[in-house]
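To keep things clear, I will list the structure first and then write my remarks on it.
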Number of protein chains: 2
Amino acid sequence: MKQLPETASVNAQVLASLRAAVITGELAPGSLHSVQNLATQLGVSRTPVREALIKLAQQGMVRFERNRGVRILLTSLHDLEEVFALRLLLEPPAVRRAVTRLDGNQKRELRRMFAHMEKAAKADDEFTMFEHDRRFHRVLLEAAGNARLAAFVDGLRDMVLRRGVSTARESRSLDDIVAEHRAILDLIEAGDAEGAAKAMREHVRHTAELLIAQEAGADLGPGLAAVDIDLDWTLAARDQD
Amino acid sequence: MKQLPETASVNAQVLASLRAAVITGELAPGSLHSVQNLATQLGVSRTPVREALIKLAQQGMVRFERNRGVRILLTSLHDLEEVFALRLLLEPPAVRRAVTRLDGNQKRELRRMFAHMEKAAKADDEFTMFEHDRRFHRVLLEAAGNARLAAFVDGLRDMVLRRGVSTARESRSLDDIVAEHRAILDLIEAGDAEGAAKAMREHVRHTAELLIAQEAGADLGPGLAAVDIDLDWTLAARDQD
DNA sequence: GGGGCGAGAGTGGCATGCGACACGTCACCG
DNA sequence: CGGTGACGTGTCGCATGCCACTCTCGCCCC
């Protein structure tokens, strides 16, 4: 486990370390760990570790088991289904709204994130790629003006990352991902809120299908994944005035 | 062997107490409190109190201020806007999906909650009314099969409760609220997913408008509230295949 | 009399002490 | 030989100790 050198609050450092360790799989899904042990490895006392774990537990990444330890929860197929159903409900409307609200700084930041993604894709740097992917989405969500939405969706991504980072390459090239984001960015720049929302919708939907199909394949053995999960609750007729 | 009392963990009890205290206004919005003080009042040590407050802080109800105390956050107009924008995005699709997935127990529970609401409305029992209102919505959200969605929306309600419980009576009678839920329930029983979703949408929208108008009135002084907030991000043209 | 300052009280954050409980081990009994 | 129960180890949950920092208020110097 990585030791953080900097001088932010101990709690925040521990939280970041633990979150990273869970995401990268350094703390294996399903495994059990003691607070004391984690604290020793991080070079701090049990208290900040416990407090950070409480936050992760609220997010659903770990679970306390009394007198046994802390269980690292695994991301099931159903978890992926839940996460992407929510992202499909929230991100397209958020983008639609963000288009009319983005200020200069945010647009610049968006372009910057996209440029970093392109560069990382060229360099085949998966980690940097997903890092900026996340920040790209976060800028958009924040621009929608709803902090709770932004925080919630950002938290949802954690559940996917530890499945996604290591495996996305198998089914979709980094260039494809960049292309989907380019489409979104172009439509935003053109002021086409509706188009951008639709592009985001397709992007999330595409990502969901790939990850879920792949995950189902991993669970059931290779080559026979025939799952068809109804992710998209918005497909029914419109409930509008 | 059964353990009837099933004494919940101290932490859970403290969490419930603090949440209730914040919602009822016993801990006034904007006020500052020390962990030590709260712990003494609850008859426990600082640790479980601090841990419960950390959870409330993650939910946005309180904020730690180093070396000063714990601030009880107030629900601003913008907070209400955020909460209801999210509920409008999430609850109608959840209901649409729930209609086709409700099992017998859940339908029975739904009818039971509604009956309690009717009874509480007749008895003019505001508190019981809102209690069952919340559980009515929760049953529906859980029936949609997405635990994250249910937990998230349920958490959002906390932000509204402390404004809503004490003030809803001024603008809308309990009977009106019951009527809106009756409409939803009837359409669910009839298997009309689309109609139920629309009814839920109108219900949430109606609630939002009343609460926000009233809150704006309270902020700006009585009689001149002329706010028009764009809650409804779904009103734009449909992003569909 | 006015202004600056310093000492004290109070606080959150981190470290540590302590008790009750879960689980694996192993000796002992049937 | 198989089952069983007591013990030891390890763990969380809760209580408490300690420290650096903030804020207040009264005192002292000018």
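Below, each value reflects all heavy atoms present in this structure, side chains not excepted, and no hydrogens, waters or symmetry copies. Because the structure is a prediction, the values reported are computed rather than measured. In what follows, every chain begins at residue 1, and chains take the letters A, B, ... in the order their sequences are listed.
- Using a 4.5 Å cut-off on side-chain heavy atoms (C-beta onward), B:Leu15 and B:Leu56 make contact.
- Atom-to-atom, CD of B:Gln36 to P of C:dG13 comes out at 14 Å; the value is rounded to the nearest Å.
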(request) Could you walk me through whether B:His132 and B:His137 pass ring pair (Phe, Tyr, Trp, His ring centres under 6.0 Å), step by step? (result) CA-CA 9 Å; B:His132 291 92; B:His137 284 259; over 10 Å; no
(request) Sugar-phosphate atoms are those with a prime plus P, OP1 and OP2; base atoms are the rest. Using that split, label each nucleotide of nucleotides 13-23 of chain D B, S or - for protein heavy atoms under 4.0 Å, 5' to 3'. (result) BBBBB--BBSS
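- The pair A:Arg138-A:Glu142 counts as a salt bridge, with a side-chain nitrogen and a carboxylate oxygen less than 4.0 angstrom apart.
- Dense packing is recorded around CD of B:Glu65, with more than 12 heavy atoms of other residues, nucleotides or ligands lying under 6.0 Å away.
- Under the 3.5 Å distance criterion, with hydrogens and angles disregarded, no donor-acceptor pair is assigned to the side chains of A:Arg101 and A:Gln106.
- Whole-Å rounding puts the B:Leu53 CG to C:dG13 P distance at 10 Å.
- B:Arg71 places its CZ atom 14 Å from the P atom of C:dT11, with the value rounded to the nearest Å.
- A donor-acceptor contact under 3.5 angstrom links the side chains of B:Ser76 and B:Asp79, judged on distance only.
- Note: CG (A:Leu15) to P (C:dG13) measures 14 Å, nearest angstrom.
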